[in-house]
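To start, the structure itself, in structure tokens.
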Amino acid sequence: MELMPELPDLEVFAANLTRKLSGKSLSDLKISERTSLNVSVGTLQKALLKQKLTRVYREGKELRFVFSNDAILGIHLMLHGKMTWENRDDQPVKNPLVRFSFSNGLVLTVTDIMNAVTVTLNPEKSEAPDALSVTITPSWWKKNLAASGAQIKSLLLNQKFIRGIGNAYADEILWTAGISPFSSAREIPPDKVRKLSSAVKQVLRAAVRMIKKSAPGIIGGELRDFMSVHNAHRETDPKGHYIRNSALGGRKTYYTDQQVLYK
DNA sequence: ACACATGTTCAGCG
DNA sequence: CCGCTGAACATGTG
């Protein structure tokens, strides 16, 4: 099954896009009318055509293409968006939402069966910090968890609270921190808040390293076989504890009884 | 055949 | 009124 990329996958995609495309200029840009776009196609083309791509980075769950005139193109893949290289000898990619042609001959396409992908010229700055931002500290967690009565997993998935964490990594983070996903955010004690704070960065950074190592060059798909609990094929976690699963926020949630429930 | 992945939005509930 | 929960969206895959 093709699962959706989350923060670590997107981080690797961004690095790989930068490696292939930085310094190349955008020679052609086609946008389907099915694409959800914050400006007109004409405005977008005027802003980006002939511009040199400086780099691609990840912000939350969005990819950001930075051009030499400081224009930024944000692409959010949502649930089903996919990026592929369109090779000259292959069949053209069917019904792409976006098709970038670069001066080195590389053609990047974005497709989406649900047409839910969003394309944003010069996205606005978000209030919520990125999960890997240096502004997220144990005291940030302490203050913001105290203000919320939500279940901790719902809060981790809330992009208005913290950006970039998806369903699979939320489970991995809470397993690492030893906190039940059903815990009330404001009831988590200080020592566990510190554990959560470090687990977020530790889990996400470790995943980036593993994906880079095992799938260098990828711009699509995902890797999940290293996951400790969020894995439908596992019966037990690496310590041998039975993995339970149930629904939370309409998403499957995997956890063990070792994760303490604070209510 | 059919349950299951996934993110965001928004109706509805308390 | 506000914060929170969970259904709905669509379809390829095992």
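Remember, it's a predicted structure, so these values are computed and weren't measured experimentally. Lettering of chains follows the sequences in order, A, B, ..., and the numbering in each one begins at 1.
The separation between Lys252(A) atom NZ and dC4(B) atom P is 5 Å, rounded to whole Å. For the pair Asn245(A) CG and dA3(B) P, the computed distance is 15 Å after rounding to whole Å. Separating the CD atom of Gln159(A) from the P atom of dT8(B) is a distance of 5 Å, rounded to the nearest angstrom. Distance CZ (Phe161(A)) to C1' (dG3(C)): 14 Å, rounded to an integer number of Å. Put simply, NE2 on His230(A) is 13 Å from P on dC4(B), counting in whole angstrom units. Following rounding to the nearest Å, Asn158(A) (CG) and dT9(B) (P) show an atom-to-atom distance of 11 Å. The separation between Leu248(A) atom CG and dT6(B) atom C1' is 15 Å, rounded to whole Å.
dA10(C) and dC10(B): their P atoms are spaced 15 Å apart (whole Å). Between dA1(B) and dC9(C), the distance separating the two C1' atoms is 22 Å to the nearest Å.
In the set dT6(B), dA10(C), dC4(C), dA10(C) carries the atom at the smallest distance from any side-chain atom of Met114(A).
Partner of Tyr254(A) under the ring pair (Phe, Tyr, Trp, His ring centres under 6.0 Å) criterion, chosen from His241(A), His233(A), His230(A): His230(A).
Using a 4.0 Å heavy-atom distance criterion, Tyr254(A) is classed as a sugar-phosphate-only contact. Nucleic acid contact for His76(A): sugar-phosphate only, since backbone atoms but no base atoms lie under 4.0 Å from a heavy atom of the residue. His233(A) comes within 4.0 angstrom of nothing in the nucleic acid, heavy atoms only. In this structure, Ala247(A) reaches neither bases nor backbone, as no heavy-atom distance under 4.0 Å exists between it and the strands shown.
The shortest distance between the side-chain N/O atoms of Ser148(A) and the OP1/OP2 oxygens of dC4(C) is below 4.0 Å. Between Lys61(A) and the phosphate of dT8(B), there is a side-chain N or O to OP1/OP2 separation shorter than 4.0 Å.
Judged by the 6.0 Å and 45° rule, Arg244(A) forms no cation-pi pair with Tyr242(A).
Remark: side-chain polar atoms of Glu6(A) are paired, donor with acceptor, to backbone N or O of Ala168(A) under 3.5 angstrom.
Heavy atoms of other residues, nucleotides or ligands lying less than 6.0 angstrom from NZ of Lys201(A) number more than 12.
Ion pairing between a basic and an acidic side chain is recognised when a charged N comes within 4.0 Å of a carboxylate O; Lys252(A) and Asp171(A) show no such pairing.
Toward the 5′ end of DNA chain C lies the nearest nucleotide of Gln151(A), the other residue of the pair Gln151(A) and Ile113(A) mapping further downstream.
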